*Asks:* 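Can you read through this structure? Questions will come right after.
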Amino acid sequence: MPGGRPFRRGRGGPMIRGGMMRGGMMGFKPMPPFRTFIPHIPFDITQCETNFPQARPVSEEKALSDALLKRNGDLTPSTNEQASVLNLVSKINTVLDSLTITPGNFDAAQIEEVRQVGSFKKGTMMSGNNVADIVVMLKTLPTKEAVTALGNKVVDDLRASEPRDGKHGTGVVTMLTSETGFEISSSEATVRCLITTIPPNLKKLDPDLHLDGKIMNGHLAAIRHARWFEENASHSSIKVLNRLLQDLKNRFEGFSPLTFWIIDLLSHYSIMNNPARQPLPLHTAFKRCLQILAAGFFLPGSVGITDPCEQGTVRVHTIMTLEQQDQVCYTAQTLLRVLSHGGFKQILGMEGNATIATEMSVWEGVVVTPSDKAYEKLEKPVEEEEDEDEDEMETEMK
Amino acid sequence: MAHYVYPANNAPSVPGYPTAMQTAFVAATPQAAAYATAPRPGQAYEAYQTQHTAPQYAYARAQVAVTSNFSIQPTTYEQKTYYQPAQAAATYSTGDAQYQQQTVVVKPSYTTGTTYTAQRQATVPKVQTVQVTSAPTNYVYTTGASSQAVSSYQPATTYQSATTASTTTYSGYDAALYSAATSYYQQQQAAKATGTWSTIKKATMPTIGGKNGVASKPKISKPPQLHYCDVCKISCAGPQTYREHLEGQKHKKKEAAAKVGTPSSSGRSGQNQLRCELCDVTCTGTDAYAAHVRGAKHQKVLKLHTKLGKPIPSSDPVVVGAQKASSVSSVAVSKPAVAPVKAPVPTVSAPTSVAAKKVLATPKITFVGGNQLKTTGAKMEEVKITPPPVTSQTSMDSDDDDGPLNILGEKDVAPVGHEYIEEIKNDATGKIISFNCKLCECKFNDPNAKDMHMKGRRHRLQYKKKVDPSLQVEIKPSIRVRKIQEEKLRRQAAKEEFWRRKEQEQRMEEEYYWEERRRYQEMEMYEWHRMGRPGMPPPRFGPAPGIRKPDSSDDRHVMAKHASIYPNEEELQHVQNIVSACEKGLKLVSDHIAESDAKAKQGIEVKKDVKVPVKPVTPAKDTKVAAATPAVPAKKDEDHKEGKKEDDSAAPPRVLKGVMRVGVLAKGLLLHGDLNVHLVVLCSEKPTRTLLERVADGLPKQLATCTEEKYDVKRCVEEAAIVVTNSSEPHVSCTITLTSPIMRESAEGGESSAVTVKDPPDVLDRHKCLDALAALRHAKWFQARANGLQSCVIVIRILRDLCQRVPTWTPLNEWAMELLVEKCVSSAPAPLSPGDALRRLFECIASGVLLPGGPGLLDPCEKDPMDAAAGLSNQEREDITASAQHALRLIAYRQIHKVLGMDALPVPRFSRRPFNSRKRRRTDSAQADGDGEGTAAEKKDKKEDESMN
């Protein structure tokens with residue numbers, strides 16, 4: 001491997017589980033072995049419950065779990081919403097399917113495959129966000145013109161298939177192109193048609209002519225994710241937790257770096273990945289999410305979760321920047337403390353607002369100071385640990 | 001052992017016999033031979049039988065036999081193939097050829113030339129076709145006496161009878177295979193078949209003589225006038241030419257060469273050259289050699305020699321360049337050459353001479369001189385083949401047309417699918433004029449070609465495709481493939497080299513690592529000994545299995561920090577002094593009290609049972625203990641004395657039963673500058689203020705007797721303790737707490753019993769006493785659980801330091817801290833390095849273990865479930881958690897030095913990858929060496945920064 005960067009296997013290298021892998025994964029590059037990256041397995045109290053027996057009477061969790069279920073109810077789209085989305089999705093699906101089978105005179109693009117992905121497909125759609133996603137895989141190269149043409153064609157076909165009475169129809173249908181493809185919206189629902197192309201084509205893309213290759217790769221991944229979710233995460237607790245986490249992501253800015261895919265994996269992990277291999281109760285799992293995030297599950301150096309839909313070992317959280325990882329972590333840390341002092345309603349957004357994550361708050365006489373970021377871009381001389389603690393002491397005084 | 005040369009069973013019946021196509025399999029491959037040698041001769045026959053009926057199968061069987069045999073028998077097989085030199089294509093013309101897989105035959109008779117000649121003489125005139133009956137099949141029966149001549153014989157006979165019984169014909173009786181055994185066998189045969197003998201001759205002769213029969217008598221009988229040049233081995237037509245020849249350059253050259261003694265043609269000594277000694281010709285390969293032997297020139301010389309009655313050297317090729325060649329060839333013998341009667345048409349081969357070849361090239365084969373064999377018909381020949389020749393076979397790739405010449409280890413294959421070869425006969429004569437391979441749809445006129453074809457790759461492929469998919473057809477590596485293979489080998493070698501090198505590096509690396517560890521450990525050990533802490537194992541950092549992870553930056557920081565908070569030698573010395581002084585003093589006090597009590601009470605002899613048990617931590621056994629373990633080395637003598645005295649003490653209970661070390665002292669958690677140690681004195685009764693004062697009063701006096709240093713003794717009644725401090729720097733204090741196990745019992749017994757038991761009015765504070773008892777238990781727990789746990793003690797020290805430095809953490813009591821660390825470290829899936837352990841600790845706290853909703857820390861040293869950190873207020877819990885959360889992220893973002901309150905350590909030298917510069921220079925030479933190191937390091941830092949993730 002001439003010219004290979006010997007650094008590759010630093011902490012940023014591909015991650016490997018297990019300590020004995022070192023010899024095996026060294027490849028041919030002579031490298032001092034201690035650059036070998038052995039990811040740190042962060043503390044997860046659920047995994048070592050036996051070491052931490054309850055020393056205190058278990059506090060009542062009923063309030064929390066009730067609140068969680070209630071919140072989930074609020075977040076779940078109503079049947080009407082679901083129906084309208086489903087309606088639009090199935091219509092578009094039909095149109096696209098027929099285009100796949102009989103392109104007819106439409107020659108701007110050939111469709112290879114059409115798949116539903118995303119939260120609608122997974123059953124984790126959020127109320128008020130009636131957007132379904134469909135990935136359209138083209139056999140041809142996805143030029144921007146072709147995408148527009150396809151979008152127009154779909155809209156035309158939709159309108160054509162629609163009896164003009166407007167009663168049961170999708171109503172006014174509009175089409176908007178975007179970087180990812182096009183969106184078709186009716187009055188009540190939106191379907192995003194995400195354009196991608198067959199993998200061999202991805203190499204032939206010209207950034208000037210075609211859609212961005214990365215985006216299309218992402219759409220291909222979305223197909224895999226949808227399938228994975230269907231196969232592994234069908235448990236309803238996972239879906240509920242998923243929705244709750246999405247809600248956190250929406251409300252707390254610190255969680256915004258979490259992608260849907262990370263949330264999928266995290267909710268699955270929290271519910272299912274425990275010594276008993278039985279789904280955890282919702283409130284435990286919800287708390288666990290915050291606990292493991294607070295314990296640095298998605299911090300640099302941690303094993304985190306290995307992406308099951310990628311080859312090799314890709315830790316999902318590495319798609320976030322270091323700063324974002326820090327942000328997610330400290331937000332979770334703050335929320336965890338708030339939660340432990342009884343602030344679950346605020347966390348769930350049933351009371352108060354999102355400032356609890358960023359501003360000091362008082363819970364039953366306990367002052368909760370939000371965690372601050374630790375990430376520093378530059379290696380500048382830093383304030384001592386004590387400073388921070390002094391700050392905390394000051395706040396305590398107040 | 002016998003070889004069955006198994007002819008095709010398609011031989012036409014009697015009338016066709018002479019012309020029968022004779023496909024001879026030497027079904028018994030070397031292995032088969034070995035197989036046959038197997039103790040039970042009967043098996044040979046079985047093998048034969050199967051061969052007979054199903055050649056293919058037999059072949060396979062033979063193969064199987066081989067493998068087993070090789071492993072079992074260390075016998076040597078002479079690897080031999082036969083070829084029949086007579087006419088060009090003699091071998092092949094004999095029909096489908098005896099396709100001999102290298103036969104490993106060891107034959108006694110091969111050993112000497114004499115046998116050979118005799119044999120030859122015998123053979124030449126005779127046709128050795130023993131036609132016993134006119135059975136449709138011919139067996140070329142080759143005997144190979146393998147290991148046991150005797151036993152080898154057995155099968156032969158068996159075979160014979162068997163054959164006769166089954167009325168088969170031995171037709172191609174290969175002279176090549178002569179051995180003492182063979183001749184014997186022959187005799188037998190002859191004896192048996194005498195009746196037919198003449199007829200055989202008659203029957204075969206015509207064919208043999210027909211075309212270019214070599215060996216037929218008639219030819220020999222007319223002696224030509226010969227002008228023979230011995231040097232060049234040629235004959236000249238007349239004296240004129242002979243003279244001319246002698247004057248010719250060629251002759252002179254040869255002559256000169258001969259004088260020097262080098263074989264003329266062996267100028268080049270390639271590894272794989274074969275030399276025909278008869279003609280003094282060197283061939284570059286088996287093919288060439290075979291061609292040569294078949295060739296006119298060779299035949300001419302052969303004929304000539306035969307005519308002249310000159311000795312014909314073995315027609316075995318001599319491998320030039322093989323080390324053993326000479327020695328071997330002597331042994332080797334004289335293989336009676338040849339069976340080349342080749343009939344124009346495939347006929348029974350009447351071997352006139354058989355050239356048996358041996359593989360001389362394989363150095364592994366040991367030949368043993370053959371004389372003995374010769375002498376014995378019944379003696380074993382010990383021939384050993386060390387490694388099976390199989391290896392050479394399999395590794396070889398040329399699968400076609402090696403013919404019977406297979407000396408250089410080339411792989412020979414059995415011809416397959418003769419049943420698909422049609423013979424096209426001349427209607428009129430019934431002679432076969434051509435062959436047609438139905439599989440490959442091709443024709444050939446020459447039986448030789450047919451034979452080649454059947455062994456050929458194309459044919460085999462077709463066969464595999466159309467008939468037997470299980471047939472193995474070797475892939476003939478094209479030049480490209482071969483190149484690739486070579487490349488592969490080369491790369492593999494390079495790879496191995498690399499791994500070797502890397503292993504070395506790793507070893508160095510590890511050595512370095514352990515060196516560090518060891519140094520550290522030694523230091524610790526040293527301290528330990530100095531401290532004179534008895535019965536306590538030094539902390540183990542030692543080779544915990546599975547920790548191979550080298551120091552990370554975190555580890556280095558933690559270890560550096562640890563080194564800085566570890567008390568220095570002076571401090572340790574002081575602590576040691578004060579502790580041992582206190583212990584001695586307390587013992588004396590105890591003696592004194594006991595004495596006075598005794599006097600006061602009973603007036604018995606003084607000093608009967610003096611014992612101050614100095615046992616750091618065994619709260620449970622405290623009553624009996626002291627004698628058992630004289631703990632502190634410094635006190636050894638004393639203890640000895642005590643031990644003696646103790647024997648005769650039946651003992652009214654002493655008031656002060658013993659002194660123990662607890663807390664940081666017992667746990668080895670002393671920190672630099674934090675030199676307050678604790679001792680606990682166990683009393684037999686509930687300690688009272690009076691007692692405390694008695695002790696406090698007595699102690700200074702006793703201290704003065706056992707040490708010169710000045711110590712202040714203060715009593716601290718509310719703490720149930722006496723505090724001893726030293727006057728010099730560094731300040732060390734030793735807190736001596738009085739307690740009694742009875743305190744706990746009463747506590748457990750409930751209020752009532754506590755009350756009823758007549759408490760002395762001035763009993764010391766119960767909580768303090770209980771704490772002291774708990775401290776004893778904690779010390780014991782610590783040694784059981786935490787001490788042996790990798791990184792645990794280090795992290796606890798670090799955490800203690802943190803608690804002292806950082807106010808937020810101060811509320812966390814030491815016991816909770818120890819418990820917490822132990823739980824964290826022990827719950828890890830694998831042993832942790834110090835850095836990882838610290839990170840895990842912070843993760844644990846960050847995930848809310850201490851928070852109000854968390855599980856808390858269950859105290860293992862209490863009977864009732866208790867939170868060891870129960871004393872923390874919610875706000876304190878919150879703050880500690882928040883601080884830990886921040887610390888965790890600082891660690892994750894490479895700012896562990898902030899957490900530890902130290903300066904960041906420079907990147908260590910050896911993490912700069914010693915191989916960098918070298919690698920760089922080699923791979924991209926454009927980079928100037930000058931900036932190599934500097935930028936490399938810089939870039940690396942940057943990179944690391946980027947890639948912290």
Side-chain angles (χ1 to χ4, degrees), chain A residues 2-3 6-7 10-12 19 22 26 28 30-35 38 40-43 45 48 51-56 59 291-292 294-296 299-301 318 322 326 329-330 333 336-337 339-341 365-369 371-372 374-376 379 382 384-386 388-389 392-393 396, chain B residues 498 501-502 506 509 546 548-551 806-808 823-824 826-827 829-830 836 839-840 843-844 846-849 851-853 855-858 865-867 874-875 878-879 881-883 885-886 888-890 892-893 895 898-899 901 911 913 915-916 919 923-924 940 943-944 946-949:
Chain A
F7 298 136
R11 281 194 157 190
R22 193 177 78 190
M26 288 299 287
F28 288 132
M31 236 176 285
F34 66 85
R35 298 309 306 156
I38 302 171
H40 179 80
I41 301 170
F43 183 83
I45 192 150
C48 42
N51 292 66
F52 289 88
Q54 284 288 340
R56 287 177 287 198
S59 51
Q291 281 173 339
I292 58 178
L299 280 187
T318 52
L322 294 181
D326 190 22
C329 184
Y330 72 67
Q333 290 175 342
L336 176 67
R337 282 181 281 131
L339 181 68
S340 74
H341 298 301
V366 176
V367 181
V368 174
T369 316
S371 296
D372 198 7
Y375 173 73
E376 285 172 353
E379 304 254 67
V382 268
E384 289 292 294
E385 169 88 357
E386 281 91 336
E388 176 211 45
D389 292 310
E392 284 184 9
M393 295 304 285
E396 221 173 310
Chain B
F498 166 74
R501 222 179 56 201
K502 216 192 63 183
Q506 238 169 32
E509 179 75 36
R548 285 189 31 176
K549 192 173 171 183
D551 286 344
V806 183
T808 312
K823 282 169 191 279
C824 283
S826 67
S827 65
D836 281 350
R839 179 168 173 170
R840 186 174 173 85
E843 284 168 351
C844 177
S847 71
V849 169
L851 284 178
L857 300 167
L858 186 71
M866 258 180 81
D867 186 359
N874 279 356
Q875 183 66 56
E878 153 73 21
D879 292 340
T881 304
S883 174
Q885 287 174 341
H886 193 77
L888 166 64
R889 281 177 294 114
L890 286 174
Y893 289 97
Q895 298 161 56
K898 294 183 192 169
V899 178
S911 78
R913 333 165 178 281
F915 295 100
N916 249 9
K919 174 99 179 170
T923 53
D924 73 56
K940 189 180 126 261
K943 181 86 180 177
E944 270 179 7
E946 298 291 334
S947 65
M948 273 196 300
N949 212 347

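These numbers come from a predicted model, not from an experiment. In what follows, chains are A, B, ... by sequence order, proteins preceding strands, each numbered from 1.
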*Asks:* Apply the test side chain to side chain contact (heavy atoms under 4.5 Å, CB included) to residues R337(A) and L851(B): give CA-CA distance (whole Å), side-chain angles for both, the deciding distance (0.1 Å), then the verdict.
*Replies:* CA-CA 7 Å; R337(A) 282 181 281 131; L851(B) 284 178; 3.9 Å; yes
*Asks:* Ignoring hydrogens, what is the shortest heavy-atom contact between S371(A) and R889(B)? Give both atom names and the distance.
*Replies:*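 In terms of heavy atoms, the two residues are closest at CB-NH2, 3.2 Å.
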*Asks:* So which heavy atom on A294(A) is nearest to which on Q885(B), and how close?
*Replies:* CB-NE2, 4.1 Å
*Asks:* Locate the shortest heavy-atom distance separating L888(B) from Q333(A); write the atom from each residue and the value.
*Replies:* CD2-NE2, 4.0 Å
*Asks:* Considering all heavy atoms of both residues, which atom of E843(B) and which atom of F43(A) are nearest to each other, and what is their separation?
*Replies:*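 In terms of heavy atoms, the two residues are closest at OE1-N, 2.8 Å.
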*Asks:* Can you tell which part of I45(A) gets under 4.5 Å to a heavy atom of chain B, answering side chain, backbone, both or neither?
*Replies:*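 For I45(A), side-chain heavy atoms alone lie under 4.5 Å from chain B.
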*Asks:* Only pairs of heavy atoms separated by less than 4.5 Å count here; which of S827(B), A846(B), G853(B) has the most with chain A?
*Replies:*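 Answer, by heavy-atom pair count under 4.5 Å with chain A: S827(B).
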*Asks:* Do the non-hydrogen side-chain atoms of E878(B) and V367(A) ever get within less than 4.5 Å of each other?
*Replies:*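 Heavy-atom side-chain distance check fails, nothing below 4.5 Å.
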*Asks:* Under 4.5 Å, counting heavy-atom pairs only, tell me which of I292(A), D326(A), L336(A) racks up the most with chain B.
*Replies:*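 Counting heavy-atom pairs under 4.5 Å, the top option is D326(A).
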*Asks:* How far apart are the closest heavy atoms of L299(A) and A892(B), and which atoms are they?
*Replies:* CD1-CB, 3.6 Å
*Asks:* Show your reasoning for whether side chain to side chain contact (heavy atoms under 4.5 Å, CB included) applies to H886(B) and T369(A).
*Replies:* CA-CA 11 Å; H886(B) 193 77; T369(A) 316; over 6 Å; no
*Asks:* If you define the side chain from C-beta out and look only at heavy atoms, does anything of F52(A) sit under 4.5 Å from K823(B)?
*Replies:* yes
*Asks:* When you measure from the side chain of Q291(A) to the backbone of G848(B), do you find a donor-acceptor pair of N or O atoms at a distance under 3.5 Å?
*Replies:* no
*Asks:* Given the options C48(A), C329(A), S340(A), which has more heavy-atom pairs under 4.5 Å with chain B than any of the others?
*Replies:*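 Among C48(A), C329(A), S340(A), the one with the most close pairs to chain B is S340(A).
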*Asks:* Looking at A830(B), S847(B), C824(B), which one has more heavy-atom pairs under 4.5 Å with chain A than the rest?
*Replies:* S847(B)
*Asks:* How close do Q895(B) and A374(A) get, counting heavy atoms only, and between which atoms?
*Replies:* NE2-O, 2.9 Å
